[in-house]
Amino acid sequence: MTPAPDSRLSVLVDAPVREDGEFVLYWMIAERRPTHSFGLQHAVHHACAWGVPLLVLEPLDCTYRWASDRFHAFVIAGMRDNRDHFAATPVHYHPYVEPEAGAGQGLLAALAERACVVVTDERPAYRFPDLLARAASVLDTRLEAVDGAGVLPMRAFDKGYVRAYDYRRAVHKRFCKAPPVPPRPDPLDGADLPAFDADISDITTRWPAADPDALLDGGLADLPIDHDVGVVSSRPGGPTEATRRLERFLDQRLDRYTERNHPDEDVASGLSPWLHFGHVGGAQVAWAILDAEGFKPERMNPDRFAKQEGAWGLSAGAEAFLEEVITWRELSFQTAFLEPGDHARYEGLPDWAQKTLDEHRDDEREHLYTLDELARAETDDEIWNAAQRQLLEEGIIHNYVRMLWGKRVLAWTESPEQCFDWLVELNNRYALDGRDPNSYGGICWVLGRYDRAWGPERPIYGKIRYMTSQSTKRKLRLGGWLERFGE
DNA sequence: ATCGGCTCGCGCAA
DNA sequence: TGCGCGAAGCCGAT
């Protein structure tokens, strides 16, 4: 079976594969789906090569920051899908939801001890780098991490790019000269895996398989997580729902995607929550668009490389969507990967942005709101309040309005650093796609990253690109949206 | 309604 | 070394 490409692999524990191991262990922590997954594909490759069964461990602990009913329910709905999917395969699937803080400690090590090799997902940002570093320091078993988040590996280019224009040009050149290999849709297709026969009852007695149905039917209340951030029932998690939404987007929305900035048109893909939890993959989504549109490298237009449209030789809607799912999303992943210490910090913003914000830090603020007032959508700006209410209720904000949502907070906080911290807090607490490299990318864009200086210099904002609710209201068709989320 | 000015710095051509 | 150019900006002049 096909392994993941070398450019997507990193060896975290460089021990030889344990030949008397009983199974290959896939530690599913970020790409939580059974198809279109380089990580799972790589684990299947090992299992076939060594002639041993495959065990998939999908854990969810309750100690991660911002853990709440909202995110737990989303992940657990995915566990239900994955359980049903693997039930019809030789793979042994073990979902584990920690009942109390620390209860899951030791589970990975106990299984890894008996495995030939452990394969997992490589994700930058948030808790993942620490999680992997800790695993690497504890395990003796060979540990390989697979970068399976995007259509391009995070190591695709030998340099980092700090502007979309330059990153976009590199992407266009790559797809024209040597398009990246997609993951196999079903990594188990044609795989001759032995049935799982290891006796792991000592381990599953101590760390029993989660019952997703019971957890979703009231069981979350027993967990030590934030119950004030509620489940978003209109957006259930899971690979099944993700695939349904991807198909709906292709069938019904892509043609009109150029109208995406108008909230009332409702043609955005809305896929970011599922992308964040790995219920659908970046490569899966990008190739679905490319295949549907008959992409061929020889149809690309080199004279349009680096430009926002025209380079791919596809429909306007498709090109606009590839901008989102490849250029902007993967630029953020690349930044997080190359700048792990800085990509989610105020101090990681470009020098010109920090300088101009610093020069205006003492400018008078007309209103200062508390974090609670912002969280409860109690400002004097009706569009901002509506955006915040959409975030509270639906766990998302319409993508154009989300920029305005970020920009306005700068005027209402004591310092640009406080603005940054509060945006991160609100976004990570409530947004289903929060805590994602792409989400940090959005917040940082609000404060100048990937952008340039704009005149004229304004109070508080300095040369940071300025946006106003009044212009937004004038330019966008958002009456229906406002009615829905307004006071 | 459309247009220019505002402003910075990267990557590439020269 | 100079030049072109840029996620969805805003505002005032025409």
Side-chain angles (χ1 to χ4, degrees), chain A residues 157-174 256-265 267-269 272 302-312 316-335 338-339 348-360 381 383-384 387 397-411 437-478 481:
Chain A
F157 307 109
D158 48 17
K159 70 178 296 306
Y161 296 92
V162 295
R163 300 182 308 189
Y165 185 79
D166 302 310
Y167 183 73
R168 189 185 294 121
R169 173 165 40 209
V171 169
H172 290 156
K173 281 185 182 169
R174 173 62 54 90
R256 293 193 299 131
Y257 191 69
T258 48
E259 302 295 309
R260 72 192 175 286
N261 283 348
H262 302 282
D264 286 355
E265 300 298 332
V267 292
S269 80
S272 70
D303 55 320
R304 300 294 301 168
F305 283 7
K307 305 285 183 199
Q308 286 182 66
E309 16 70 30
W312 297 94
E319 300 217 343
F321 182 69
L322 293 177
E323 267 298 280
E324 307 295 334
V325 80
I326 302 181
T327 308
W328 288 99
R329 178 169 183 266
E330 301 202 8
L331 175 58
S332 292
F333 272 74
Q334 186 220 240
T335 304
L338 295 173
E339 308 286 347
L349 295 174
D351 291 342
W352 71 265
Q354 290 189 62
K355 181 166 179 286
T356 195
L357 287 168
D358 193 49
E359 284 165 0
H360 289 272
D381 182 321
I383 297 188
W384 195 91
I397 304 180
H398 177 272
N399 59 359
Y400 187 100
V401 181
R402 196 176 192 174
M403 293 187 290
L404 178 73
W405 173 84
K407 290 281 185 187
R408 296 297 298 132
V409 172
L410 188 53
N438 198 18
S439 226
Y440 282 108
I443 289 171
C444 290
W445 178 84
V446 160
L447 296 173
R449 178 180 291 168
Y450 308 133
D451 209 3
R452 62 180 155 131
W454 287 87
E457 203 163 341
R458 295 170 198 281
I460 306 173
Y461 290 79
K463 295 165 185 167
I464 300 290
R465 184 192 298 254
Y466 189 59
M467 292 176 83
T468 65
S469 298
Q470 202 174 358
S471 300
T472 303
K473 196 169 184 178
R474 196 169 51 237
K475 287 181 352 187
L476 298 188
R477 299 190 285 276
L478 46 61
W481 176 84

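Letters A, B, ... are given to chains in the order of the sequence lines, protein chains preceding strands, and every chain is numbered from 1.
- Atom pair A:Asp303:CG and C:dC5:P shows a separation of 13 Å (rounding to whole Å applied).
- Put simply, CG on A:Asp351 is 13 Å from C1' on B:dC10, counting in whole angstrom units.
- Side-chain atoms of A:Glu323 and A:Thr327 form a donor-acceptor pair, as typed in the model, at a separation below 3.5 Å.
- Separation of atoms CZ (A:Phe305) and CZ (A:Arg168) is listed at 13.0 Å; rounding is to 0.5 Å.
- Within the 4.0 Å cut-off from OP1 or OP2 of B:dC10, not a single side-chain nitrogen or oxygen of A:Lys159 is found.
- Along DNA chain B, the nucleotide nearest to A:Asp166 and the one nearest to A:Ala453 differ in position, and the one closer to the 5' end is contacted by A:Ala453.
- Side-chain N/O atoms of A:Gln308 include none lying less than 4.0 angstrom from OP1 or OP2 on C:dG6.
- Rounded to an integer number of Å, the gap from A:Asp158 CG to B:dG11 P is 12 Å.
- Residues A:Ala387 and A:Trp405 come closest through the heavy atom pair CB-CD1, 3.9 Å.
- For the pair A:Phe157 CZ and B:dC12 C1', the interatomic distance rounds to 17 Å; values are reported in whole Å.
- Using a 4.5 Å cut-off on side-chain heavy atoms (C-beta onward), A:Tyr167 and A:Glu330 make contact.
- As judged by a 4.0 angstrom heavy-atom cut-off over every strand, A:Thr468 is placed among residues touching the sugar-phosphate backbone only.
- Straight-line distance from the NZ atom of A:Lys307 to the P atom of C:dG4: 12 Å, rounded to whole Å.
- Contact detail for A:Leu349 and A:Gln354: the closest heavy-atom pair is O-NE2, 2.9 Å.
- Contact annotation for A:Arg168: backbone-only contact, meaning every heavy-atom pair under 4.0 Å involves sugar-phosphate atoms and none involves a base.
- The base of B:dG9 lies close enough to the side chain of A:Arg163 for a donor and an acceptor atom to sit less than 3.5 Å apart.
- Atom C1' of nucleotide C:dC10 and atom NZ of A:Lys407 are separated by 12 Å, given to the nearest angstrom.
- Nearest nucleotide to the A:Tyr165 side chain, out of B:dC12, C:dC5, B:dG11: C:dC5.
- Rounded to the nearest 0.5 angstrom, A:Met403 CE and A:Met467 CE are separated by 4.0 Å.
- Using a 4.0 Å heavy-atom cutoff across all strands shown, A:Trp352 reaches sugar-phosphate atoms only and no base atom.
- Both stacking criteria are satisfied for A:Trp328 over the base of C:dA7: a centre-to-centre distance under 5.5 angstrom and an angle between ring planes under 30 degrees.
- Under the rule for a side chain to side chain donor-acceptor pair (under 3.5 Å), A:Asn261 has no partner lying at least two apart in sequence or in another chain.
- Rounded to the nearest Å, the gap between the P atom of C:dC10 and that of B:dG9 is 23 Å.
- In this structure, CD of A:Glu309 is placed 14 Å from P of C:dC5, rounded to the nearest angstrom.
- Across the interface with DNA chain B, nearest-nucleotide mapping of A:Lys463 and A:Arg458 shows A:Arg458 to be the residue nearer the 5′ end.
- The interatomic distance linking A:Glu319 (CD) with C:dA7 (P) rounds to 15 Å, in whole Å.
- When the P atom is compared between C:dG4 and B:dG5, the two are found 15 Å apart, to the nearest whole Å.
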In dot-bracket form, how is DNA chain B paired, counting a Watson-Crick or G-U wobble pair only if both its distances are under 3.5 Å and using | for bases paired to another strand?
-> ||||||.||||||.

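- Residues A:Pro350 and A:Gly448 come closest through the heavy atom pair CG-O, 3.8 Å.
- Picking from B:dC6, C:dG6, B:dG11 the nucleotide with the shortest atom distance to the side chain of A:Arg169 gives B:dG11.
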